[in-house]
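Values reported hereafter were calculated over all heavy atoms of this structure, with side chains retained and with hydrogens, waters and symmetry mates removed.
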Amino acid sequence: MKPAPFAYEAPETLPAALVSLARYGDEAKVLAGGQSLIPVLNFRLAQPARLIDLNRIDGLSYVRRGADGGLSIGAMTRQRELERSPLVRQVAPLLAEAVPWIAHPQIRNRGTVGGSLAHADPAAELPALAVALDARFRLVKEGGERWVAARDFYTGLFATLLEPDELMVEIAIPPAAPSTGFSFLEVARRHGDYAQVGLAASVTLDADGRCRAARLVYLSVGDGPVETPVAAALLIGQALNGESIAACAAAVNGEIDPLGDIHATPEFKRHLAQVLARRALALAGERAGSPM
């Protein structure tokens, strides 16, 4: 299929793009990497009157140290750049570990970080990773800007707090606390397919080797990234071992409500969520320094 007719523009500056967004609002769509938008247009699931192409704008693609020692990532940064960046491996190892799970190299070569985050596909890896890493997004529009925490950004199925006249331009990831281990796991029918279930996990240990903080953020089990704070709280103050991890994993099902599809029933997704919790927590705990 082919998309419905639309007007096209490719502004060369961010202010020019913001002027267009302010003018056209809901009638416009923004083109970043196009790996999600182009199929949607071709199937005519979206029929915007205008397409605003961001690819000629300089200064929106970068990976560098943030002022707090964490990461600052431009929204137009290609996913492949995250995969290859030594700085990402050093500062945000969870991100480095997870990015190769995103689709295939051809997709990652074009797909952008901000495009995936703003598209808000509940089966996408980057939104769940952003929540797991306590990321914040800088959203700008003509005449102003605001910062929004990733955990507050996602509001429903393919729905976010991003306004029609706003652009996501930057992602900030804070440095990890000492003695923190991360892990990312997912299950798919074939590598590169959308995950049936995926999980980003982190564990922080105290001086006695007990869990001081834990986080589990799932993808493909709800309308967006799904965090399970009640289950994670069961680990606080506990030594990480088979018993404590099993109790946490068993509690996960009380906080997820997966829908079935042609690849997995809700019951199978619940089973996968528990299996991944046990495996991911054990791996994160080992990386944090747990004697498991």
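The shortest side-chain heavy-atom distance between I245 and C248 does not fall under the 4.5 Å cut-off. A heavy-atom distance below 4.5 Å is found between the side chains of E125 and F184. In this structure the side chain of L41 reaches within 4.5 angstrom of the side chain of P48, judged on heavy atoms. L95 has its side chain within reach of I73: a pair of non-hydrogen atoms, C-beta onward, lies under 4.5 Å apart. Looking at heavy atoms from C-beta onward, V63 lies in side-chain contact with E81 at the 4.5 angstrom threshold. L216 has its side chain out of reach of P229: every pair of non-hydrogen atoms, C-beta onward, lies at least 4.5 Å apart. Residues S183 and E97 have side chains in contact (heavy-atom distance under 4.5 Å, counting atoms from C-beta outward). Contact of the L219 side chain with the V197 side chain is not registered, since no non-hydrogen atoms from C-beta on lie closer than 4.5 Å.
A salt bridge is absent between E9 and R56; no separation between the charged side-chain nitrogens and carboxylate oxygens falls under 4.0 Å. Ion pair R80/E83 flagged as a salt bridge, since at least one NZ, NE, NH1 or NH2 atom sits closer than 4.0 Å to an Asp/Glu carboxylate oxygen. Salt bridge E166/R146: present, at least one basic N to carboxylate O contact under 4.0 Å.
For D193 (side chain) and R189 (main-chain N/O), no donor-acceptor pair under 3.5 Å exists by modelled atom type. No donor-acceptor pair closer than 3.5 Å links the side chain of R215 to the backbone N or O of V203. Judged by distance alone, the side chain of Y194 and the main-chain N or O of A188 form no donor-acceptor pair under 3.5 Å. D53 contributes a side-chain N or O that, together with a main-chain N or O of N55, makes up a donor-acceptor pair within less than 3.5 Å.
F137 is linked by a ring-ring contact (aromatic ring centres under 6.0 Å, His included) to F153, counting only residues two or more places apart in sequence or in another chain.
Annotation: cation-pi pair R50/Y24 present, NZ/CZ under 6.0 Å from the ring centroid and within 45° of its normal.
Around the CZ atom of R279, the shell of radius 6.0 Å holds no more than 12 heavy atoms that belong to other residues, nucleotides or ligands.
The side chain to side chain contact (heavy atoms under 4.5 Å, CB included) with L18 is formed by just one residue from the set I52, D165, L167; it is L167.
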Check the pair Q196 / S220 against side-chain hydrogen bond (donor to acceptor under 3.5 Å, both in side chains), numbers first and verdict last.
CA-CA 6 Å; Q196 293 166 314; S220 286; over 6 Å; no
Just do the side-chain contact (heavy atoms from CB on, under 4.5 Å) check on S85 and L82 with the steps written out, would you?
CA-CA 5 Å; S85 169; L82 296 186; 5.8 Å; no
Cut-off 3.5 Å, no hydrogens considered: what does the side-chain donor-acceptor table look like for residues 30-40, sequence neighbours left out?
from, atom 1, to, atom 2, distance (Å)
Q35, NE2, G33, O, 3.1

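Sorted by first then second residue, the ring pair (Phe, Tyr, Trp, His ring centres under 6.0 Å) pairs that include residues 103-135, not counting sequence neighbours, are H119-F158.
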